[in-house]
Amino acid sequence: MTKFAIRVYRAVLSIPFGQVRSYKWVAQKAGSGRAYRAVGQVLKRNPYPLIIPCHRVIRSDKEIGGYVFGLKQKKFLLELERELLKCLAG
DNA sequence: CAAACTATTCAGC
DNA sequence: GCTGAATAGTTTG
């Protein structure tokens, strides 16, 4: 657990429901906008991949980077949140 | 401290 | 659309 990791977790947890951010975004909030690589590292090695919405973090190209449980799950969660958002919002 | 690793991103063709 | 180069932090020896 490092300061950078904590910052990354806070940034990721700050992502609203149904929303997605890029690693660069998280890295910037974490402190260094050029540590997107480290962000991925910290995310993949995060102590609690469940309490952290790491599935809301995707590549800048809108591409799925990776996921602890599998890319399919990540995509599924993203689509699920969008669908749920539509049901809740409108 | 140094080397290796990484769920990325930008630039050139 | 693909290939090559660059950045910053964690991890391991």
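Reckoned from all heavy atoms, side chains included, excluding hydrogens, waters and symmetry mates. Lettering of chains follows the sequences in order, A, B, ..., and the numbering in each one begins at 1.
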task: Find the distance between CD1 (A/Ile15) and CZ (A/Arg10) and round it off to the nearest 0.5 Å.
output: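 Those atoms lie 13.5 Å apart.
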
- prompt: Less than 3.5 Å between a donor and an acceptor, one on the side chain of A/Arg37 and one on the base of B/dT8, is that the case here?
  reply: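 Present.
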
message: Between the base of B/dA7 and the side chain of A/Tyr67, is there a donor and acceptor pair under 3.5 angstrom?
response: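 Checked by distance alone, the answer is no.
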
Out of [options], which has the shortest distance to the side chain of [X]?
{"X": "A/Lys44", "options": "B/dT6, B/dA7, B/dC10", "result": "B/dA7"}
{"X": "A/Lys24", "options": "B/dT9, B/dA7, C/dT10", "result": "B/dT9"}
{"X": "A/Gln41", "options": "C/dA8, B/dT9, B/dT6", "result": "B/dT6"}
{"X": "A/Tyr23", "options": "B/dT9, C/dG9, C/dA8", "result": "B/dT9"}

task: Indicate, with a heavy-atom threshold strictly under 4.0 Å, whether A/Gly66 touches base, sugar-phosphate, or nothing.
output: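 Base contact.
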
message: Under 4.0 Å, heavy atoms only, any strand: does A/Val68 hit a base, just the sugar-phosphate, or nothing?
response: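 The answer is base, as A/Val68 lies within the cut-off (heavy atoms under 4.0 Å) of a base atom.
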
task: For A/Val68 and A/Pro49, work out which heavy atoms get closest and say how close.
output: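 In terms of heavy atoms, the two residues are closest at CG2-CB, 3.9 Å.
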
message: Checking the side chain of A/Arg56 only, and the main-chain atoms of A/Gln19 only, is there a donor and an acceptor separated by less than 3.5 Å?
response: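 Looks like no, no N/O pair under 3.5 Å.
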
Whole angstrom is fine here: how far is it from [atom1] in [X] over to [atom2] in [N]?
{"X": "A/Gln28", "N": "C/dA8", "atom1": "CD", "atom2": "C1'", "value": "14 Å"}
{"X": "A/Arg45", "N": "C/dT10", "atom1": "CZ", "atom2": "P", "value": "11 Å"}
{"X": "A/Lys29", "N": "C/dA8", "atom1": "NZ", "atom2": "P", "value": "21 Å"}
{"X": "A/Gln73", "N": "B/dA7", "atom1": "CD", "atom2": "C1'", "value": "16 Å"}
{"X": "A/Glu63", "N": "B/dC10", "atom1": "CD", "atom2": "C1'", "value": "16 Å"}
{"X": "A/Ile6", "N": "C/dT10", "atom1": "CD1", "atom2": "P", "value": "10 Å"}
{"X": "A/Trp25", "N": "B/dA7", "atom1": "CH2", "atom2": "P", "value": "22 Å"}
{"X": "A/Ile64", "N": "B/dT9", "atom1": "CD1", "atom2": "C1'", "value": "17 Å"}

Any strand: nucleotide that pairs with B/dA7 via Watson-Crick or wobble, under 3.5 Å: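 The base-pairing partner of B/dA7, which may sit in any strand shown, does not exist here.
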
task: Could you check which nucleotide pairs with C/dT7 in any of the strands shown, counting Watson-Crick or G-U wobble with both distances under 3.5 Å?
output: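 Pairing partner: none.
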
message: Measuring to OP1 and OP2 of C/dG9, would you say a side-chain N or O of A/Ser32 lies under 4.0 angstrom away?
response: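 Yes, such a contact exists.
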
A/Tyr36 vs A/Val26 side-chain heavy atoms within contact, under 4.5 Å: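 Side chain of A/Tyr36 against side chain of A/Val26, heavy atoms only: no contact under 4.5 Å found.
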
message: I want to confirm an ordering. Mapping A/Tyr36 and A/Thr2 to their closest nucleotides on DNA chain C, which one lands closer to the 5' end?
response: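 Per heavy-atom nearest nucleotide, the more 5' residue is A/Tyr36.
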
query: Under a 4.0 Å N-O cut-off, is there an ion pair linking A/Glu83 with A/Lys86?
result: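 The answer is yes: the pair qualifies as a salt bridge.
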
